[in-house]
Amino acid sequence: MRYDALLAALAARAGNWAEAVRRCPGDQDLDEVATGVLHALALNALRELGREGRHTDVGIASVAILLWSYLLDEEDPGDFRALLTERRGAPVADALWGQGVARLRDRISSLLHALDVRGGRDDLDAWRTAWHLQLMDPTVVPGYLPTDAGPHALVDLEEAAWHLIDEGRGGDLLTAFTARHPDPGTWRTELPAHRSCAVPLARALATRGMDRVRGGKWSEALADFGTAVRLGHTLPEDERAAVRRAGNNVGRSRTGGGNSPLVRIEGLEQAHALLPGDTALAAELTAELVRQGQEVAGSDVEESRRRYVRALTVTPGHPDARAGLDDHLRADLRRAINGAEVADGLAAEEVRDLLKRDPDCAAAQAWLEDHYATLAVSAAVRGHTADAQHATHAMLVCVGPEDSHDAAYVDVQLIDLLVTAADGLVPEGDRDALEHRVELLHTALELSGPAGRDIRKDLDTALLDLAEHLETAAPPSDVIELFLRDLMRTGTDGRFDHIVTAAYLHRARDREQAGDPGGARRDRDCAERIGAGLPPEVPLFGPVPHRSRRADLEQDTLF
């Protein structure tokens with residue numbers, strides 16, 4: 001070991017720093033080496049570092065930090081003071097010794113800082129931080145120095161962070177870490193880059209939060225406390241009191257000028273998140289949300305609604321927030337009833353809740369009736385009879401006691417809804433509307449059974465209207481498909497039968513022209529069977545007197 005150290009010192013004097021670093025003894029072996037050799041190696045390292053433009057990636061700074069921290073240790077393990085005494089030929093006075101050690105430490109610190117500035121290193125990976133930490137706790141130095149040693153060959157990131165905290169330099173830690181990770185909102189303990197520094201960072205943030213509270217920087221203080229808690233910090237009572245103070249004052253000024261409701265709400269949200277069990281903060285946040293909701297109710301409805309909803313989340317059942325939200329709901333209901341679109345739509349559950357709170361709200365009652373009627377008709381047409389009956393019952397409950405609507409009465413009302421929906425359609429020239437009317441009346445007829453004679457007549461009329469529309473605006477196959485649904489039997493309406501017969505004959509001609517004589521023959525047979533079944537009272541000329549119908553193009557004349 002002594003021989004290796006001597007070779008290292010000789011290599012350093014010759015400028016062969018890669019060899020010098022390789023042979024430099026580790027911290028566990030320094031006691032075995034002559035102090036003069038260590039001094040020579042350390043002195044050459046300082047001189048090399050001081051040269052302009054000297055690159056330090058070969059570990060020269062590591063050697064200087066390691067050896068000088070050993071030589072200038074307060075306990076003087078290498079008996080450096082004795083070496084100086086021998087060379088001076090006289091003892092070194094205590095005052096002179098202390099002054100010299102302090103001055104030399106400062107000069108080394110200044111030199112390393114200059115290297116850090118030139119290298120663009122922050123306080124977390126600075127040579128100067130490694131130097132100060134080595135002076136405080138030499139045990140952090142590993143027993144080897146790789147030739148590409150950087151600051152972290154001496155001290156890792158977590159040790160550097162804790163050193164800055166212990167030295168009261170939490171602000172420097174935050175500055176350095178923020179430079180590496182600019183958005184504190186992304187600081188998470190689960191991220192590897194943040195995990196090692198999470199605890200000292202949280203400590204620094206909490207300390208800065210306290211300072212900011214004392215300086216009246218309420219929003220900034222709450223942000224610091226929030227990030228500290230996210231990094232795992234638990235707020236002691238003095239910091240909890242600081243959070244309460246910041247929450248009570250955020251967004252306000254002593255004179256009232258420059259007050260910001262938005263800043264206040266944001267700050268109170270942060271304080272409430274930090275102290276969720278604090279009823280006073282919750283009450284103040286709720287009151288501010290309600291005030292802001294009322295303030296923008298006329299200018300920004302959606303923002304007002306969001307404020308009320310949040311207020312009810314913070315304080316469930318708050319009367320003013322509930323009333324404000326109900327006012328918005330009433331306005332939406334009135335617009336919906338008048339045919340206007342509501343931005344986010346309306347939910348039956350919230351309308352029912354409004355009706356429970358305000359039984360006299362005509363808009364809620366009317367909307368619910370229409371809502372359940374629409375659901376009942378839609379479900380019935382799809383064949384979901386049970387769902388349709390349930391929706392009809394829900395509609396009836398909106399206007400009367402629940403126990404007054406038995407199953408028979410519900411079915412009668414459902415049939416009325418279907419017929420009313422069919423009557424409300426204006427299907428002139430609209431195939432979808434004509435088909436929907438047929439579906440509505442057919443469903444009503446199936447539900448009514450033998451008692452639905454009037455519905456049967458309406459269905460026959462709707463079927464004939466649809467058939468006449470298809471006759472002029474659709475291919476013959478569409479008329480035939482309507483006929484094959486068996487919604488009207490042959491012989492019920494002569495006009496309908498003639499339209500179907502004409503469709504079969506038309507398709508027969510088309511098939512014949514397309515080279516399908518078999519298909520054409522089958523279509524003509526179908527047309528003949530339908531024509532044979534026509535009742536004798538079928539009119540031979542033009543439409544029936546009570547209906548405006550186009551003359552049958554297929555009927556024969558007497559001339």
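In terms of modelled atom types and a separation under 3.5 Å, the side chain of Ser304 and the main chain of Asp300 share no donor-acceptor contact. Checked by atom type and distance alone, the side chain of Trp68 pairs as donor or acceptor with a backbone atom of Ala42 at under 3.5 Å. Between the side chain of Thr313 and the main chain of Val309, a donor-acceptor pair closer than 3.5 Å is present.
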Test Asp123 against Thr175 for side-chain contact (heavy atoms from CB on, under 4.5 Å), laying out the working first. CA-CA 9 Å; Asp123 286 307; Thr175 300; 6.0 Å; no
Yes or no on salt bridge (charged side-chain N to carboxylate O under 4.0 Å, His left out) for Arg244 and Glu237, after CA distance, side-chain angles and deciding distance? CA-CA 11 Å; Arg244 293 189 192 94; Glu237 185 52 41; 3.3 Å; yes
How far apart are the C-alpha atoms of Trp218 and Val213, what are their side-chain angles, what is the distance that settles it, and do they pass the side-chain contact (heavy atoms from CB on, under 4.5 Å) test? CA-CA 6 Å; Trp218 315 116; Val213 167; 3.9 Å; yes
Passes side-chain contact (heavy atoms from CB on, under 4.5 Å), Arg208 versus Leu205? Steps please. CA-CA 5 Å; Arg208 190 172 71 177; Leu205 285 163; 3.8 Å; yes
Taking it one step at a time, do Asp211 and Thr207 satisfy side-chain contact (heavy atoms from CB on, under 4.5 Å)? CA-CA 6 Å; Asp211 292 338; Thr207 301; 4.2 Å; yes
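A heavy-atom distance below 4.5 Å is not found between the side chains of Asp332 and Glu350. Counting heavy atoms from C-beta on, the side chains of Val397 and Tyr372 never come closer than 4.5 Å. At least one side-chain heavy atom of Arg264 sits under 4.5 Å from a side-chain heavy atom of Leu268. Side-chain contact between Leu396 and Val410 is present, with at least one heavy-atom pair separated by less than 4.5 Å. Counting heavy atoms from C-beta on, the side chains of Arg128 and Arg121 never come closer than 4.5 Å. Side-chain contact between Asp353 and Arg357 is present, with at least one heavy-atom pair separated by less than 4.5 Å. In this structure, Leu201 and Leu173 have side chains that are in contact, with non-hydrogen atoms separated by less than 4.5 Å. Here the side chains of Val243 and Leu222 are in contact, with some heavy-atom distance below 4.5 Å.
In this structure, CG in Asp320 is found 11.0 Å from OG1 in Thr315, a value given to the nearest 0.5 Å. The line from CD of Glu239 to OG1 of Thr234 is 9.5 Å long, rounded to the nearest 0.5 Å. From Thr227, atom OG1 reaches atom CH2 of Trp187 across 7.0 Å, with rounding to the nearest 0.5 Å. Separation of atoms CG (Asp224) and OG (Ser219) is listed at 11.0 Å; rounding is to 0.5 Å. From Leu133, atom CG reaches atom CD1 of Ile65 across 10.0 Å, with rounding to the nearest 0.5 Å. Rounded to the nearest 0.5 Å, atoms CD1 (Ile415) and OG1 (Thr392) are 10.0 Å apart.
Remark: His328 NE2 is packed, more than 12 non-hydrogen atoms of other residues, nucleotides or ligands lying under 6.0 Å away. Heavy-atom neighbours of Arg107 CZ from other residues, nucleotides or ligands within 6.0 Å: at or below the threshold of 12. For Arg203, the CZ atom counts as loosely surrounded, since its 6.0 Å shell holds 12 or fewer non-hydrogen atoms of other residues, nucleotides or ligands.
Contact detail for Val250 and Gly247: the closest heavy-atom pair is CG1-O, 3.5 Å. In terms of heavy-atom proximity, Ala221 sits nearest to Gly209 at CB-O, 3.5 Å. Considering all non-hydrogen atoms of both residues, Ala204 and Ile165 come closest at CB-CD1, 3.6 Å. In this structure, Trp131 and Ser69 approach most closely via the heavy-atom pair CZ3-N, 3.6 Å. Nearest heavy-atom pair, Ala223 versus Gln270, reported as atom, atom and distance to 0.1 Å: CA-NE2, 4.0 Å. Nearest heavy atom pair, residue Asp73 against residue Glu75, reads OD1-N, 2.8 Å.
Gln389 and His393 share no side-chain donor-acceptor pair at under 3.5 Å. A side-chain donor from one of Arg382 and Ser378 sits under 3.5 Å from a side-chain acceptor of the other. With 3.5 Å as the limit, one finds no donor-acceptor pair spanning the side chains of Thr186 and His181.
The salt bridge (Lys or Arg N to Asp or Glu O under 4.0 Å) test applied to Asp327 returns Arg330, not counting sequence neighbours.
Using a 4.0 Å cut-off between charged side-chain N and carboxylate O, Glu220 and Arg212 make no salt bridge. Between Glu349 and Arg352 there is no salt bridge, since no side-chain nitrogen of the basic residue lies less than 4.0 Å from a carboxylate oxygen of the acidic one. In summary, Glu303 and Arg307 engage in a salt bridge, as defined by a charged side-chain N under 4.0 Å from a carboxylate O.
Here the options are Leu346, Leu355, Leu354, the test is side-chain contact (heavy atoms from CB on, under 4.5 Å), and the partner is Trp367; only Leu346 passes. Ile108 pairs with exactly one of Leu111, Leu112, Asp106 by the side-chain contact (heavy atoms from CB on, under 4.5 Å) rule, that one being Leu112.
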